[in-house]
Structure formats: structure tokens, C-alpha cells
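Everything below concerns the one structure shown next.
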Amino acid sequence: MESLISANNNLALWAFVMLAAAAAILIEQRTKLGAKVPGAVIALLIAIAASNFGVVPVDAPVYDAVWGYVVPLAIPLLLFQLNLHALVKESGRLLFLFLMSSVGTVLGVFLGFGLLKDYIPELDKIAAIISASYTGGGVNLAAMTAKLQPSPTMISATYVADNLMMACYFFVLIALPASQFVRKFWGSPYQDQNERHRVVEDGDNAAASYWKPKEISLQNIAIALGAAILLVAVAFNLSAFLKGILTVTEETSVVVTMLVGLVTDKYLLLTTLTFLVMLLFPKCTEKLNGSQELGTYCIYLFFVVIGVPASIPLIIDNAPLLFVFTMTVALVNLVVTLFFGKIFKFGIEEITLACNANVGGPTTAAALAIGQGWRDLVGPILVIGTVGYIIGNYIGAMVYAVLGPM
């Protein structure tokens, strides 16, 4: 079905993405609905409705631009005023929970394969690809797809199922910390801290109170944006340069391959360079008022783009059982992470971010942390989530070695 706005109408699509983000922010801060539903969910709902009713296409260059430029720009903007002491403290804790969550991904893949192997062709290859992707991210999905080479039809159907599943999973992960029962059972230290520091006046909701106007100068905006885009440019070009000189082959040892993947990852380089700037110029970055607002707005654009590919008609036509498979993997991942989180006394915020970093990758996990106001967890989940990029392909290969002969 042709959408009302074509994929090549860049200006109209930028208008839609930016207006949808603006609408989500206004609804979040000015309505009773916004007091109960996070702006990230509202942005997702607007995007899903627009794509499923044929207003916007499910794929377009504008969406790629948000992924390629807007999301990377948001990372340094949101880290500039971060508490580095909290970063060091939380990273070690989150690494353990992230690895336990990865175990949940593998268990979910095995369960889904056992239930659906007789109904979905090439499920051994798809299971390996999904296990790699749901441990790391899109990088691992592309790498395992190239390695295993399933049929183009199955690749396309898997992408469609994955897009809708991720939108649904976002709703679950955003809704969990809002439940009073969940917060009481698992604990919610970051939510509790945010609420203690928010002074909500009559007529305001928590979001409106948190985002009250502050003193921001033109100089703040200029330096924040200039520094952020410079860091993105340096990190991404450095990543490309390092990948060109640090090549790996099938004969390269596992340890060396992992180290090369770590050193050349562009998001990890971006995060590392940002932290280095913060350490060298702490007084400058602390005074960059407006960086948090600019970065958060970028993340709202991202949430709109995340919701657009969730086409329900495409799932019904092409991949209903693949959607069931991917959702099975994600839900088992969630249950296992909740289990380990309770045993080792993690808060629900850390649990949901560990799940998100596994299934959606570190970028979407950071976006969730930002959208929920858990600023002290943004840096740690970006760093820890990158571990998934490194181990994802190995987990995918292991899964295929087990399931392939079946």
C-alpha cells in the first residue's frame, strides 16, 4: 500500500518525525494522560498509528538519517553533565546482570526453536541470527546473516517480525517500572530518587516539573552541539580507520577478534572520547546547560523512528509465526533477567535496561534510560551494552552449531 507521504519526500517526513516528537512532549507534560504514560510510549504510539494507517512509509532515508546522525549526536549531549563516579560504580554491577540476561536470550531461542521448528523453514539459521542480534544488536544481525545466508524471503520476514516485536517489547519495558507492584517487589531506587528531587506544583505533572525552563544561552547551545558533532565525527572516522588496518580473518583467534571488535566499535569509541573530554574539561562540560534538553529531544525523534516500521499488516501477511518466535525469545529473556535481578537485588531500572541492551542494543537502552530520567545509568548501559556486540556473534555461532544438525 502506498503511503500518503512517499519515502522520498524528505521534508514532509522530517516534518512528521519532528511534529510527532513535539506532540509526544506536549502530551506528556500538559495532559492527565501524560502523567501516567511516558512520552517515549506516546511517540511510539503516534508513529505506529501513522505507519499502519498509511500516512508514512515503513522505510525511508529520513529514518536512516535519524539512526545515522541524530542518535549518535544525542550520546555526547546526554553524557556531558553525567556523574562519572556513578558511572564507575554502576558499570560493574550492570555487566553481571547483562551477562545473565544474555543467558535468558539463549534459553528463549532454544524454547522458541523447540516449539516452532516444524512450522518455520530455516529456523536453525534464523534462531542463530536472532540469538546474536538479541545479545548485541544490528551489527551482529548483519554479520550472522552474511555468514549463514538464509533465503532473502526469510531475511525480509525476520526483519519485519523483529521490528514489530521491538516496538511491543519497548512498551513492556517502559510499563514495568511504572507498576507499583513491580516497584515494590523488585525495588526502584532511581525512580524513587527522581521523585524525591521533583517538586511538583499544582497543575504540573512530574515530567513538566522535571523539564522546567532553565537559563540556557546561545553560547551553551553552540558549544554543546559543536562539541557533540566533533566527537561523533572523530569517533566514527577513527572507527573506520581502525577497521581498515585491524582486519580479522577466519584464522584469527577468538581473543584477537574480540579485542579488534572492542577497539573498533564506533559507539564505544564515541562514549570513551566523551568521557575523556569530561575528565579533561570537567568545569566546561558541567556548565553546558541545554545539552540534556537537546539530547533528549534527539531521543524523542529516535522513538518516533523506532515505531514506524512496526507494520501489523506486513506481519499478518508475511511473518506471524516469526513474530511469535521473536517475542518468545524476548519474553524468556525478560523472565530470566527478572529472576536474577530479584536474587541479586537489582532494581527494576537496571533489570529493564539489561533486557533492553540485550534485545535492542546499547543505543536503545540508553534511549530508554534517558526517556525514563535515569541519567546515572545512561553511561554504564552504553558501555556494558557494547559487550553484546563483541560476544553476540560467538553466541550466534554456538546456537547454530547446536541447532543446525537438528
Side-chain angles (χ1 to χ4, degrees), residues 69-95 98 189-194 196-199 209-239 242 262-300 302 347 349-350 353 357 362-363 365-387:
Y69 300 101
V70 175
V71 173
L73 184 65
I75 292 172
L77 287 172
L78 289 158
L79 293 179
F80 280 148
Q81 295 181 307
L82 187 71
N83 184 333
L84 289 178
H85 295 293
L87 169 72
V88 174
K89 178 182 176 182
E90 287 298 332
S91 293
R93 281 172 50 82
L94 275 176
L95 176 59
F98 176 85
Y190 294 91
Q191 294 270 84
D192 296 341
Q193 181 182 6
N194 285 347
R196 284 195 298 270
H197 286 82
R198 287 175 178 170
V199 180
S209 177
Y210 183 78
W211 292 110
K212 281 190 176 299
K214 64 178 69 168
E215 185 177 331
I216 301 172
S217 70
L218 177 61
Q219 188 179 95
N220 291 148
I221 295 172
I223 294 174
L225 286 174
I229 197 64
L230 176 62
L231 285 167
V232 172
V234 171
F236 281 33
N237 280 285
L238 179 59
S239 173
L242 291 174
L262 182 67
V263 170
T264 60
D265 182 85
K266 59 185 178 182
Y267 285 104
L268 186 55
L269 284 170
L270 174 59
T271 306
T272 303
L273 288 175
T274 304
F275 289 153
L276 183 61
V277 169
M278 293 165 62
L279 285 169
L280 293 175
F281 309 102
K283 292 183 179 179
C284 295
T285 55
E286 287 172 6
K287 295 178 181 178
L288 287 178
N289 289 341
S291 61
Q292 187 182 358
E293 284 79 1
L294 290 167
T296 303
Y297 178 69
C298 290
I299 293 301
Y300 271 88
F302 165 77
E349 302 94 341
E350 295 162 313
L353 290 180
T363 310
L368 177 63
I370 294 156
Q372 297 287 60
W374 309 329
R375 292 191 63 227
D376 287 342
L377 291 174
V378 175
I381 203 60
L382 272 171
V383 174
I384 298 308
T386 308
V387 173

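Residue numbers count from 1 along this sequence. Everything numeric here is computed off the predicted structure, so don't read it as measured data. Basis for what follows: all heavy atoms, side chains included, without hydrogens, waters or symmetry-related copies.
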[atom1]-[atom2] distance between [X] and [Y], expressed to the nearest 0.5 angstrom:
{"X": "F236", "Y": "L269", "atom1": "CZ", "atom2": "CG", "answer": "9.5 Å"}
{"X": "L73", "Y": "I299", "atom1": "CG", "atom2": "CD1", "answer": "9.5 Å"}
{"X": "N220", "Y": "L294", "atom1": "CG", "atom2": "CG", "answer": "9.5 Å"}

For [X] versus [Y], what's the shortest heavy-atom pair and its separation?
{"X": "L242", "Y": "V263", "result": "CD1-O, 3.7 Å"}
{"X": "L95", "Y": "I384", "result": "CA-CG2, 3.6 Å"}
{"X": "A357", "Y": "G385", "result": "CB-CA, 4.1 Å"}
{"X": "L77", "Y": "A224", "result": "CD2-O, 3.6 Å"}
{"X": "V232", "Y": "P76", "result": "CG2-CG, 4.3 Å"}

Side-chain donor/acceptor of [X] to backbone N/O of [Y], under 3.5 Å:
{"X": "T264", "Y": "S239", "result": "no"}
{"X": "E349", "Y": "Q191", "result": "yes"}
{"X": "E350", "Y": "G347", "result": "yes"}
{"X": "T296", "Y": "Q292", "result": "yes"}

Subject >> Contacts of Q219 that satisfy side-chain contact (heavy atoms from CB on, under 4.5 Å) - sequence neighbours left out >> reply: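 Here the qualifying residues are S217, I223.
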Original post:
What residues, two or more places apart in sequence or in another chain, satisfy side-chain contact (heavy atoms from CB on, under 4.5 Å) together with E293?
Top reply: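 With sequence neighbours excluded, E293 shows a side-chain contact (heavy atoms from CB on, under 4.5 Å) to W211, K214, I216, given in chain and number order.
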Do [X] and [Y] have side chains that approach each other closer than 4.5 Å (heavy atoms only, starting at C-beta)?
{"X": "F80", "Y": "L231", "value": "yes"}
{"X": "I381", "Y": "W374", "value": "no"}
{"X": "T274", "Y": "T285", "value": "no"}

**OP:** With sequence neighbours left out, write down each residue that passes ring-ring contact (aromatic ring centres under 6.0 Å, His included) with Y297, or none if nothing qualifies.
**Re:**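 If we apply the ring-ring contact (aromatic ring centres under 6.0 Å, His included) test to Y297, skipping adjacent residues, there are no hits.
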